[in-house]
Number of protein chains: 2
Amino acid sequence: MTPHVVTEDREAADVEHVRWLTPDQQRCWRAYLEGTARLSEALGRQLETEAGLSLAEYEVLVRLSESDGRTMRMSVLADSLAHSRSRVTHTVARMEKHGLVARQTCSADGRGVNCHLTDAGFARLEAAAPGHVAQVRESLVDVLDDDQLRVLGEAMAAVAAAIGR
Amino acid sequence: MTPHVVTEDREAADVEHVRWLTPDQQRCWRAYLEGTARLSEALGRQLETEAGLSLAEYEVLVRLSESDGRTMRMSVLADSLAHSRSRVTHTVARMEKHGLVARQTCSADGRGVNCHLTDAGFARLEAAAPGHVAQVRESLVDVLDDDQLRVLGEAMAAVAAAIGR
DNA sequence: GGTCCATAATTGAAGTCTCAACGATCCGAT
DNA sequence: ATCGGATCGTTGAGACTTCAATTATGGACC
């Protein structure tokens with residue numbers, strides 16, 4: 001974010017080479033910040049109140065439900081979510097306490113841990129999914145036309161690729 | 001997010017009217033989730049390590065630096081950031097402890113509180129801004145072409161408007 | 001001028017995430 | 001074989017956010 005006030009009272013000298021954002025870029029960036037803040041707030045609230053799940057927990061359920069044997073290595077889960085390993089450890093620990101997943105040591109690699117979706121966890125996902133999808137549509141997908149959504153997806157994929165080297 | 005496994009073993013009956021996401025929509029939505037996760041992580045880490053500020057604190061500094069008298073009402077600050085009032089109270093309390101802002105009761109409205117940017121806070125912003133802008137460019141602005149960035153901004157503005165009723 | 005309700009901001013507890021440090025296991029090179 | 005570095009996952013502390021309850025003030029209405 002470029003606080004334009006800061007750009008003033010800056011000497012014409014050459015000590016600073018800051019490429020501040022243009023006004024157009026600034027508008028886009030701030031719209032992004034506000035949009036993501038409101039969106040994650042809306043999604044989190046819907047899931048929490050209607051399903052008793054955090055967004056992070058929901059995402060874990062989804063990944064597991066789609067994987068072979070409904071089981072994933074902790075590290076694969078973490079990479080797939082773009083969450084830190086520590087974060088996934090904490091999230092999964094909470095979910096295990098509630099019976100949504102079960103952890104078992106990995107036979108192939110003594111260091112690894114397999115995270116398995118229980119039937120209760122799958123049922124919880126089935127119950128939560130319709131309301132969550134409805135919220136995603138209401139707040140994002142149905143708000144944009146096809147082109148906007150496509151470009152948004154391409155742009156964020158490029159961002160993810162640029163960061164996740 | 002639509003766990004496609006859930007869509008199976010669903011009866012052809014009419015009890016459920018869930019409009020699941022299409023595969024294209026699903027790809028966009030997941031790209032969005034991954035992109036925002038990686039981006040906020042990258043921005044937060046840069047600010048924390050190079051300036052000792054959280055992104056929320058930085059945003060507060062920016063808003064205050066642009067406001068008349070470098071002062072804003074707490075509620076205006078909260079609305080402007082799309083953050084909850086409680087969150088802003090906590091953030092500002094931490095910042096006040098570090099001398100970046102000062103709070104004073106509002107003369108016009110006995111309930112209100114004015115948050116003022118101190119000189120130390122302004123100096124901190126000046127020091128932090130170049131590195132932050134560089135990160136925003138490297139991770140987002142310079143990764144996208146002008147059209148992508150423009151559409152991204154428009155889309156997120158539409159999302160914010162759809163949610164913030 | 002008193003009642004009622006809306007708004008402003010704070011508080012503390014509980015939940016979530018980050019960070020750095022750790023123990024354990026694997027693997028390649030010697 | 002074993003040394004040493006890399007990977008895997010966890011841990012606990014501290015930082016940050018949310019939620020519900022609370023205090024206090026403002027304003028409308030009669």
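Hydrogens, waters and symmetry mates are skipped; everything else that's a heavy atom, side chains included, is used. In what follows, every chain begins at residue 1, and chains take the letters A, B, ... in the order their sequences are listed.
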Response to the item:
Rounded to whole Å, CD of E59(A) lies from C1' of dC17(C) at a distance of 14 Å
Worksheet entry | Atom-to-atom span, CG of L81(B) to C1' of dC16(D) - whole angstrom | 15 Å
Discussion item. Rounded to whole Å, how long is the line connecting atom CD of E48(B) with atom P of dG14(D)?
Written reply: 16 Å
Response to the item:
Walking DNA chain C from its 5' end, the first of A56(A) and A108(A) to be reached, judged by nearest nucleotide, is A56(A)
Fill in: salt bridge (Lys or Arg N to Asp or Glu O under 4.0 Å) between E154(A) and R150(A), intermediate numbers included
CA-CA 6 Å; E154(A) 291 168 356; R150(A) 180 179 48 74; 3.4 Å; yes
Practice prompt. Scan R73(B) against the nucleic acid and name what it touches under 4.0 Å (heavy atoms): base, sugar-phosphate only, or nothing.
Written response: sugar-phosphate
Worksheet, complete the sentence: the helix from dG1(C)-dC30(D) to dT30(C)-dA1(D): angle between terminal helix axes, five bp per end, to the nearest 10 degrees, reads 20°
Worksheet, complete the sentence: Atom CG of N114(A) and atom C1' of dT25(C) are separated, to the nearest Å, by 15 Å
Practice prompt. Look at the side-chain N and O atoms of S84(B) and state whether any lies under 4.0 Å from the OP1 or OP2 oxygen of dT18(D).
Written response: yes
Worksheet item: How long is the gap from CG on L100(A) to CG on L53(A), to the nearest 0.5 Å?
Response: 6.5 Å
Fill in: Phosphate contact (dT11(D) OP1 or OP2) by R85(A) side-chain N/O below 4.0 Å
no
Worksheet item: How close or far is atom P of dC17(C) from atom CZ of R38(B), stated in whole angstroms?
Response: 17 Å
Item to complete: Round to a whole Å and report the spacing from CG of L55(B) to P of dC17(C).
Response: 16 Å
Worksheet, complete the sentence: In this structure, CG of L81(A) is separated from CE of M72(A) (nearest 0.5 Å) by 7.0 Å
Worksheet item: Roughly how far apart are S80(B) OG and E66(B) CD, rounded to 0.5 Å?
Response: 8.5 Å
Worksheet, complete the sentence: Between D109(B) and E57(A), whichever has its closest DNA chain C nucleotide further toward 5' is D109(B)
Practice prompt. May I ask you to say what S75(A) touches in the nucleic acid, namely base, sugar-phosphate or nothing, with a heavy-atom cut-off under 4.0 Å?
Written response: sugar-phosphate
Discussion item. For dG23(C) and R111(A) - does any side-chain N or O of the residue sit under 4.0 Å from the phosphate oxygens OP1/OP2?
Written reply: no
Practice prompt. Answer yes or no: does a side-chain N or O of R94(A) lie under 4.0 Å from OP1 or OP2 of dT16(C)?
Written response: yes
Discussion item. Hydrophobic cluster membership, with links at side-chain heavy-atom distances under 4.5 Å among I/L/V/M/F/W/Y: are L140(B) and L43(B) in one?
Written reply: yes
Item to complete: Assign H83(B) to base, sugar-phosphate, or nothing according to its heavy-atom contacts below 4.0 angstrom with the strands shown.
Response: nothing
Worksheet item: Could you give the CG-to-C1' distance, from L47(B) to dC19(C), as a whole number of Å?
Response: 16 Å
Practice prompt. Kindly work out whether a path of hydrophobic side-chain contacts (I/L/V/M/F/W/Y, heavy atoms less than 4.5 Å apart) joins V151(A) to Y32(B).
Written response: no
Worksheet item: Looking only at atom types and distance, does a side-chain atom of T105(B) sit under 3.5 Å from a main-chain N or O of V113(B), one as donor and one as acceptor?
Response: no
Item to complete: Rounded off to whole Å, could you give me the NE2-to-P distance for the H90(B) and dA8(C) pair?
Response: 18 Å
Item to complete: Using only side-chain N and O atoms of R87(B), determine if any of them is under 4.0 Å from OP1 or OP2 of dT17(D).
Response: yes
